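Source: prediction; values computed, not measured. Positions are given from 1 along the sequence.
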Amino acid sequence: MTAVYPAEPDPDLSFSGWGDPSLVPELPEAVRQLLAEGLGVRGGSPAPASISQLKPPSPRLGDDAVAALQALVGPADVLTDDESRVRHLRGKSTPDLLRLRAGDLGGAPDAVVLPATHDEVLAVLRACSERQIAVIPYGGGTSVVGGLEPDASRFPALVALDVRHMNALTRLDEESRLAVLEPGLRGPQAEQLLGAGGYTLGHFPQSFEYATLGGFAAARSSGQASAGYGRFDELVLALTVATPSGPLSVGRAPRTAAGPDLRQLILGSEGTLGVITSLTLQVRPIPEARVYDGWRFASFADGLAAIRRLAQDGPVPTVLRLSDETETALNLARPGELGSAGGEGGCLAIAGYEGADDEVVARGSQATLLL
């Protein structure tokens, strides 16, 4: 059985509020105080400028190149204004954010291009290659490893290729439990579309709210529930990639022994070999139940030994996370008690089980006995 869902996510749907700017909460003052204490932030630092006040270097892209790109994707989808260029500058690592806060705008793309189809991506890459213009694929902009800061000094210009318009679930094969999705879908959008058919990817990294499926694949993303669902690269059955030389299709049958597996060239390549334009991913039914337990251990070593027993002897949780003493203290403390983790100290471990009701109860009980 095959089901096809609309390409545009329903704006009325929400996934725990993630991805909806209107639901972003303001941090309470008590939490701000804890963060200041934990990070050693002192007063007196200047407030960052509004993004509308930031002025990147003058664009190097000539009018003829702009016109050529506009002819491929439409005038409205070639952005050269300052704010668009700044918003596509670097990723979200602490050094990235501190440099932006300090007004360092070097390396901003000269234009942002928003193709809507695989063929448009191919055409943009071909046009830029002919003009020796550097291109950097851009999804959610959440990179923390420098993947959005290329050395483009030897090129006449730099273009950010933003895949946000490529946001469709094009096929859901319920028999094989495979879904074909486009790379610009952010985590919440993908879960909304799959959830309408009763399925989930089960991939929830810390960047889930903003990162895209193409970025998950390009970065070999690992999420909070990877202990149970697997890393994102383990969910990828096939990829379609656009390169300056033409299209590339790579894939495999589940658990095939044939090789070499050319998917591995693209997974984790950080967009250096091409632009992912379609992903075939393994999906699973939405679990009937989710149960989460927490344990406090006297030390990180004690906690590590306990979760090693779970990982090696089972039952393996869907979510398994151990915080060290500092993270535990910051997460559990109240203002004025930062060093005490709520007065008890130690390290916090979280284990979550997802699946059928009876299965979740059984696995959780076994884990409690083991620990």
(request) Scan for salt bridge (charged side-chain N to carboxylate O under 4.0 Å, His left out) pairs involving residues 115-132, sequence neighbours excluded, and state none if there are none. (result) none
Give, for atom [atom1] of [X] and atom [atom2] of [Y], the distance between the pair rounded to the nearest 0.5 Å.
| X | Y | atom1 | atom2 | result |
| --- | --- | --- | --- | --- |
| Ser245 | Leu125 | OG | CG | 10.0 Å |
| Asp110 | Thr80 | CG | OG1 | 10.0 Å |
| Leu237 | Leu178 | CG | CG | 5.0 Å |
| Leu322 | Asp302 | CG | CG | 10.0 Å |

Within the 4.5 Å heavy-atom criterion, are [X] and [Y] side-chain neighbours or not?
| X | Y | answer |
| --- | --- | --- |
| Asp82 | Pro56 | yes |
| Gln282 | Arg177 | no |
| Leu105 | Leu54 | yes |
| Ile136 | Leu158 | yes |
| Lys55 | Arg85 | no |
| Pro115 | Val121 | yes |
| Val360 | Arg290 | no |
| Asp104 | Arg90 | yes |

(request) Go through Tyr229 and Leu201 one step at a time and tell me if the side-chain contact (heavy atoms from CB on, under 4.5 Å) criterion holds. (result) CA-CA 8 Å; Tyr229 291 96; Leu201 286 172; over 6 Å; no
(request) Indicate if Val241 and Leu213 have the same hydrophobic cluster label, given that clusters are the connected sets of ILVMFWY residues with side-chain heavy-atom separations under 4.5 angstrom. (result)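 Yes, Val241 and Leu213 fall within the same hydrophobic cluster.
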(message) Please tell me whether Leu181 and Val163 are part of a single hydrophobic cluster in this structure, the criterion being side-chain heavy atoms less than 4.5 Å apart.
(response)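 Different clusters.
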Would you say the side chains of [X] and [Y] form a donor-acceptor pair under 3.5 Å?
| X | Y | value |
| --- | --- | --- |
| Thr200 | Glu191 | yes |
| Ser221 | His203 | yes |
| Arg220 | Gln264 | yes |
| Glu354 | Tyr292 | yes |

(request) Please step through side-chain contact (heavy atoms from CB on, under 4.5 Å) for the pair Leu279 and Val180, ending with a clear verdict. (result) CA-CA 6 Å; Leu279 307 93; Val180 180; over 6 Å; no
Which atoms form the tightest heavy-atom contact between [X] and [Y], and what is the distance?
| X | Y | answer |
| --- | --- | --- |
| Gly274 | Pro137 | O-CG, 4.2 Å |
| Ala157 | Ile133 | O-CG2, 3.6 Å |
| Ser84 | Val112 | O-CG2, 3.8 Å |
| Val236 | Arg263 | O-NH1, 2.8 Å |
| Leu320 | Ala351 | CD1-CB, 4.2 Å |
| Gly140 | Thr212 | N-CG2, 3.6 Å |

(request) Using modelled atom types only, decide if a donor and an acceptor are shared between the side chain of Thr328 and the backbone of Asp324 within a distance under 3.5 Å. (result)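 Indeed, once roles are kept as given, a pair shorter than 3.5 Å links the two residues.
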(message) Could you walk me through whether Glu182 and Arg164 satisfy the salt bridge (Lys or Arg N to Asp or Glu O under 4.0 Å) test, starting with their C-alpha distance in whole Å, then the side-chain angles of each, then the deciding distance to 0.1 Å, before giving a yes or no?
(response) CA-CA 9 Å; Glu182 291 185 327; Arg164 73 177 73 167; over 6 Å; no
(request) Determine the sole option in Phe216, Phe204, Phe208 for which the ring-ring contact (aromatic ring centres under 6.0 Å, His included) test with Phe232 is passed. (result) Phe216
(message) Is there a side-chain contact (heavy atoms from CB on, under 4.5 Å) between Val113 and Asp162? Walk through the geometry before answering.
(response) CA-CA 6 Å; Val113 180; Asp162 190 321; over 6 Å; no
(request) Take Gln192 and Arg186 through the side chain to side chain donor-acceptor pair (under 3.5 Å) test and state the conclusion after the steps. (result) CA-CA 10 Å; Gln192 289 167 8; Arg186 296 178 184 248; over 6 Å; no
(request) Let me see the working for Glu174 and Tyr199 under side chain to side chain donor-acceptor pair (under 3.5 Å), right down to the final yes or no. (result) CA-CA 9 Å; Glu174 297 189 57; Tyr199 293 92; 3.2 Å; yes
